Amino acid sequence: MAKLSSIQKNLFRKKLIKKFKSKRELLKSKIKDKNISLEERISLQNKLNDLPRNGSSIRHRNRCEITGRPRGNYRKFGLSRIKLRELSMTGDLPGVVKSSW
């Protein structure tokens with residue numbers, strides 16, 4: 001089980017990402033526009049820098065929904081490899097069967 005503070009920090013980041021997503025996209029698209037003068041682009045870049053760092057989507061960490069484990073996660077299920085195996089062996093994940101060939 002991961003530290004609860006790490007899990008809570010990640011949830012807080014998820015909220016911030018959702019809150020600032022549209023603002024960040026708007027600023028980034030304006031910065032990439034080549035028709036705007038250099039001074040305006042620099043001022044837009046400064047506005048982007050003033051936004052909270054944790055509002056960037058790259059700061060989010062994929063974690064297991066059950067244990068909070070940060071590594072070995074399957075995006076499709078939102079679970080770590082360990083919990084995925086445990087739940088599939090007990091039959092708690094619908095549609096997942098053990099493969100054999």
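As the structure is a prediction and not an experimental result, all values here were calculated from the model. Position 1 is the first residue of the sequence; numbering continues from there.
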- Inspect the contact between E25 and K28 and indicate whether a charged nitrogen and a carboxylate oxygen are less than 4.0 angstrom apart. no
- Message: Quick check: closest heavy atoms across A2 and G68, and the distance to 0.1 Å?
- Response: CB-O, 3.3 Å
- Item | Between CD on residue E86 and CE on residue M89, distance to nearest 0.5 Å | 10.5 Å
- Message: Using 0.5 Å steps for rounding, measure from the OG atom of S43 to the CG atom of L48.
- Response: 11.5 Å
- S56 side chain to R53 main-chain N or O, any donor-acceptor pair under 3.5 Å? no
- When every non-hydrogen atom of R41 is compared with those of D33, the smallest separation belongs to CD-O, 3.7 Å
- Query: How many angstroms lie between CZ in R81 and NZ in K83, if you round to the nearest 0.5 Å?
  - Reply: 12.5 Å
- Task: Report whether L44 and F20 are members of the same hydrophobic cluster (ILVMFWY, side-chain heavy atoms less than 4.5 Å apart, transitive linking).
- Result: yes
- Task: Kindly indicate whether the side chain of K14, heavy atoms from C-beta on, has any atom under 4.5 Å from the side chain of H60.
- Result: yes
- Message: So does G78 get a backbone contact from the side chain of N73, meaning a donor-acceptor N/O pair under 3.5 Å?
- Response: no
- Connected-component partners of L84 among ILVMFWY, side-chain separation under 4.5 Å: I66, Y74, F77, L79, L87, L93, V96
- Could you walk me through whether R69 and R71 pass the side-chain contact (heavy atoms from CB on, under 4.5 Å) test, one step at a time? CA-CA 6 Å; R69 189 177 202 280; R71 296 182 181 198; 3.8 Å; yes
- Check whether any side-chain heavy atom of P70 lies under 4.5 Å from a side-chain heavy atom of N62, and answer yes or no. no
- Quick one: pull up CG in L16 and CG in L11 and give me the separation to the nearest 0.5 Å. 11.5 Å
- Nearest heavy-atom pair of T67 and S80: which atoms, and what distance? OG1-OG, 4.2 Å
- Message: I'd like to know if the side chain of N54 pairs up with that of R13 as donor and acceptor (distance under 3.5 Å, no hydrogens or angles considered).
- Response: yes
- Note on the structure: Applying side-chain hydrogen bond (donor to acceptor under 3.5 Å, both in side chains) to Q45 and not counting sequence neighbours gives N49
- Message: Side-chain heavy atoms nearer than 4.5 Å, only ILVMFWY residues, links allowed to pass through others: does that put I7 and I17 together?
- Response: no
- Query: If you link I, L, V, M, F, W and Y whenever their side-chain heavy atoms are under 4.5 Å apart, who else ends up in the same group as I42?
  - Reply: L38
- Message: If hydrophobic clusters are built from ILVMFWY residues whose side chains come within less than 4.5 Å, do I31 and L51 share one?
- Response: yes
